[in-house]
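Here's the structure we're looking at; comments come further down.
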Amino acid sequence: MKKPVVFLTRRLPAAAMEMLAAACTITLWDDEVRPCPREALLNGVAEAEGLLSLLTDRVDDELLAAGPHLRMVANMAVGYDNLDLAACRRRGVQVSNTPGVVTETTADLAWALMLAAARRLVEGQKLIEAGGWGPWYPMQMVGVDIYGSRLGVVGAGRIGQAVLRRAQGFGMALGYHNRTPNSAVEATTGATYLALDELLSSSDVVVVTVPLSDETRGMFGAREFALMKPTAIFVNVARGPIVREAELVAALQAGRPQAAGIDVFEREPIGPDHPLLRLPNCVAVPHIGSATVATRTRMATLAAENLVAVLTGKAAPSLLNL
């Protein structure tokens with residue numbers, strides 16, 4: 001029996017490659033670092049029945065027209081703002097993502113950014129590297145306490161709940177904002193539902209974990225930052241366009257919020273001249289929320305499972321509801 005042809009926009013961890021090779025004929029953009037160029041992507045799907053895409057690959061009408069045999073797009077990401085779901089629906093192409101497997105790892109990073117920003121870790125290292133560490137004095141490199149403070153999480157999905165669970169060990173008062181209150185979140189984390197403005201004005205730390213949508217695009221700007229405490233820490237591990245970056249830069253320069261930890265940006269990748277990198281009160285990392293060996297391997301194998309399942313007539317583990 002002839003194996004279905006699949007196109008991969010990047011070489012994956014060995015476990016995922018082996019799973020795909022057993023059931024499919026693989027074609028791929030064989031570069032582990034450089035994103036698949038648009039022309040190569042359009043050419044790659046010409047004969048393919050399945051596509052395994054990354055968040056850097058735009059799946060739209062143009063791509064679907066270039067791949068008339070496509071039956072399945074397996075996105076190796078939790079978010080799927082790179083996919084035109086309506087276009088996939090019109091053409092009868094099934095779509096999946098990789099939920100669940102990134103939850104704990106991304107929550108860990110949110111906490112790493114929170115603590116690094118609160119205790120000025122990057123600023124401290126740069127001080128040493130610049131030869132500026134002198135004699136100890138009482139207010140040298142002082143930050144703010146996380147233990148016993150108030151945490152507000154915007155977006156109480158899997159990752160938001162994982163961030164809240166970790167806060168229980170830090171003796172924090174917990175609040176969350178969601179489109180609607182969620183009694184299950186409250187029962188498992190002890191968090192209290194708050195309107196967004198109340199959450200922003202009362203929290204010592206604000207962590208953003210909402211998905212990118214028309215509703216959340218540009219959700220955080222000058223107005224929202226002005227509501228925050230001057231001692232607040234702002235953390236974004238969701239998607240860059242949720243925050244109006246120029247307004248975040250201005251807010252950090254004005255000292256409200258006091259500091260930020262940022263994993264995602266409006267346009268990625270950013271360069272060394274990005275304004276946020278010039279601010280001593282911003283910890284910025286290159287979209288590494290899911291970047292552990294175990295999690296990236298689980299993401300790849302789940303994407304491969306989804307792809308193989310659909311192409312062999314089985315139920316996929318995490319199809320998106322189109």
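Here the structure is a predicted model, which means the values were calculated and not measured.
- Considering OG of S290 and CG of L55, their distance stands at 8.0 Å, rounded to 0.5 Å.
- Taking a 6.0 Å sphere around CZ of R165, one finds it holds more than 12 heavy atoms contributed by other residues, nucleotides or ligands.
- The backbone N or O of A110 lies less than 3.5 Å from no partner atom in the side chain of D263, so there is not a single donor-acceptor pair.
- Contact check for P230 versus Q258: no side-chain heavy atoms found under the 4.5 Å cut-off.
- A distance of 7.0 Å separates CG of L200 from CD of E224, quoted to the nearest 0.5 Å.
- Side chains of E62 and R58 form a contact here, defined as non-hydrogen atoms less than 4.5 Å apart.
- For the pair R239 and D81, the salt-bridge criterion is met [side-chain N within less than 4.0 Å of a carboxylate O].
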Q.
L51 vs L8, test: side chain to side chain contact (heavy atoms under 4.5 Å, CB included). Steps then yes/no.
A. CA-CA 6 Å; L51 169 66; L8 281 55; over 6 Å; no
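- Between L164 and V185 there is a side-chain heavy-atom pair separated by less than 4.5 Å.
- Hydrophobic cluster membership differs between W133 and M141, with clusters built from Ile, Leu, Val, Met, Phe, Trp and Tyr side chains linked at under 4.5 angstrom.
- The neighbour count for Q125 CD, taken as heavy atoms of other residues, nucleotides or ligands under 6.0 Å away, does not exceed 12.
- Within a 6.0 Å radius of CZ in R256, more than 12 heavy atoms belonging to other residues, nucleotides or ligands are found.
- Taking all atoms of both residues into account, the shortest heavy-atom contact from A46 to P68 is O-CD, 3.8 Å.
- Among T192, V153, L151, L194, the single residue meeting the side chain to side chain contact (heavy atoms under 4.5 Å, CB included) criterion with L199 is L194.
- Judged purely by atom type and a 3.5 angstrom limit, T292 uses its side chain to pair as donor or acceptor with the backbone of T295.
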Q | side chain to side chain contact (heavy atoms under 4.5 Å, CB included) assessment of R217 paired with I242 | A | CA-CA 4 Å; R217 188 178 296 273; I242 293 167; over 6 Å; no
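- Under the 30°/60° scheme for interplanar angles, the aromatic rings of Y176 and Y193 are found to stand perpendicular.
- There is no path of hydrophobic side-chain contacts, each under 4.5 Å, that joins L276 to I288.
- Considering only heavy atoms from C-beta on, Y80 comes within 4.5 Å of L320 through its side chain.
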Q: Check step by step if side chain to side chain contact (heavy atoms under 4.5 Å, CB included) holds for L54 and M299.
A: CA-CA 11 Å; L54 307 186; M299 289 174 69; over 6 Å; no
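- Atom CG in L307 sits 6.0 Å away from atom CG in L52 (nearest 0.5 Å).
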**Q.** Stepwise side chain to side chain donor-acceptor pair (under 3.5 Å) test for N75 and N82
**A.** CA-CA 9 Å; N75 207 41; N82 60 311; 3.1 Å; yes
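- Note that CG of N281 and CD of E123 are 7.5 Å apart. Values are rounded to the nearest 0.5 Å.
- Judged by distance alone, with hydrogens and angles left aside, the side-chain atoms of T105 form no donor-acceptor pair with the main-chain N or O of V102 at under 3.5 Å.
- Ion pairing of R91 with D61 is present here, as a side-chain N (NZ or NE/NH1/NH2) and a carboxylate O approach within less than 4.0 Å.
- Side-chain rings of H287 and F265 stay apart, their centers remaining 6.0 Å or farther from each other.
- Of all heavy-atom pairs spanning P13 and R296, the tightest one is CG-O, 4.3 Å.
- Within the 3.5 Å criterion, the main-chain N or O of A156 finds a donor-acceptor partner in the side chain of N178.
- Between M76 and L12, some side-chain heavy-atom pair lies under the 4.5 Å cut-off.
- Within the 4.5 Å cutoff, the side chain of T27 has no heavy atoms near those of the V6 side chain.
- No continuous path of ILVMFWY side-chain contacts below 4.5 Å connects V264 to V285, so the two sit in separate hydrophobic clusters.
- Taking every heavy atom of both residues into account, G155 and T209 meet most closely at O-OG1, 2.5 Å.
- No continuous path of ILVMFWY side-chain contacts below 4.5 Å connects V163 to L212, so the two sit in separate hydrophobic clusters.
- A salt bridge does not link E305 with K314: none of the charged nitrogens is closer than 4.0 Å to a carboxylate oxygen.
- The number of heavy-atom neighbours closer than 6.0 Å to CD of E129, taken from other residues, nucleotides and ligands shown, is above 12.
- V59 places a side-chain heavy atom less than 4.5 Å from the side chain of C88.
- The pair R150-D145 does not count as a salt bridge, with every side-chain nitrogen at least 4.0 angstrom from each carboxylate oxygen.
- Ionic pairing of K229 and D204 is present here: one or more N-O contacts between side-chain nitrogen and carboxylate oxygen are shorter than 4.0 angstrom.
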Q: Starting from the C-alpha separation in whole Å, work towards a yes-or-no answer on side chain to side chain contact (heavy atoms under 4.5 Å, CB included) for V237 and V208.
A: CA-CA 6 Å; V237 291; V208 181; over 6 Å; no
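- Taking all atoms of both residues into account, the shortest heavy-atom contact from A315 to A309 is O-CB, 3.6 Å.
- Within the model, atoms CG of N236 and CG of L248 stand 9.0 Å from one another, a figure rounded to the nearest 0.5 Å.
- Under a 3.5 Å cut-off, the side chain of Q168 and the backbone N or O of T189 do form a donor-acceptor pair.
- Aromatic ring pairs are classed by plane angle as parallel below 30°, tilted from 30° to 60° and perpendicular above 60°; the pair F225 and F234 is perpendicular.
- Annotation for S53 and L83: closest pair OG-CD2, 4.2 Å, computed over non-hydrogen atoms.
- Using a cutoff of 4.0 Å between basic side-chain nitrogens and carboxylate oxygens, E247 and R223 are not scored as salt-bridged.
- Judged by distance alone, with hydrogens and angles left aside, the side-chain atoms of N43 form a donor-acceptor pair with the main-chain N or O of E39 at under 3.5 Å.
- Under the 4.5 Å side-chain heavy-atom criterion for ILVMFWY residues, a single connected hydrophobic cluster contains both L227 and L196.
- Note that CZ of R267 and CD of E245 are 8.5 Å apart. Values are rounded to the nearest 0.5 Å.
- Between the side chain of S318 and the backbone N or O of N97 there is at least one donor-acceptor pair closer than 3.5 Å.
- Although no hydrogens or angles enter the test, the distance criterion places a donor-acceptor pair under 3.5 Å between the side chain of T98 and the main chain of A77.
- The two atoms that bring P317 and N306 nearest to each other are CD-OD1, 2.9 Å, heavy atoms only.
- Note: W29 and F7 fail the aromatic proximity criterion, with ring centroids not under 6.0 Å apart.
- For the pair D108 and R166, the salt-bridge criterion is met [side-chain N within less than 4.0 Å of a carboxylate O].
- Side chain of T301 to backbone of R298: a donor-acceptor contact under 3.5 angstrom is found.
- Proximity of V73 to Q94: side-chain heavy atoms (C-beta onward) are nowhere separated by under 4.5 Å.
- When atom types are taken as modelled, the side chain of K3 and the backbone of A21 share a donor-acceptor pair closer than 3.5 angstrom.
- Salt bridge present: E49 and R71 bring a charged side-chain N and a carboxylate O closer than 4.0 Å.
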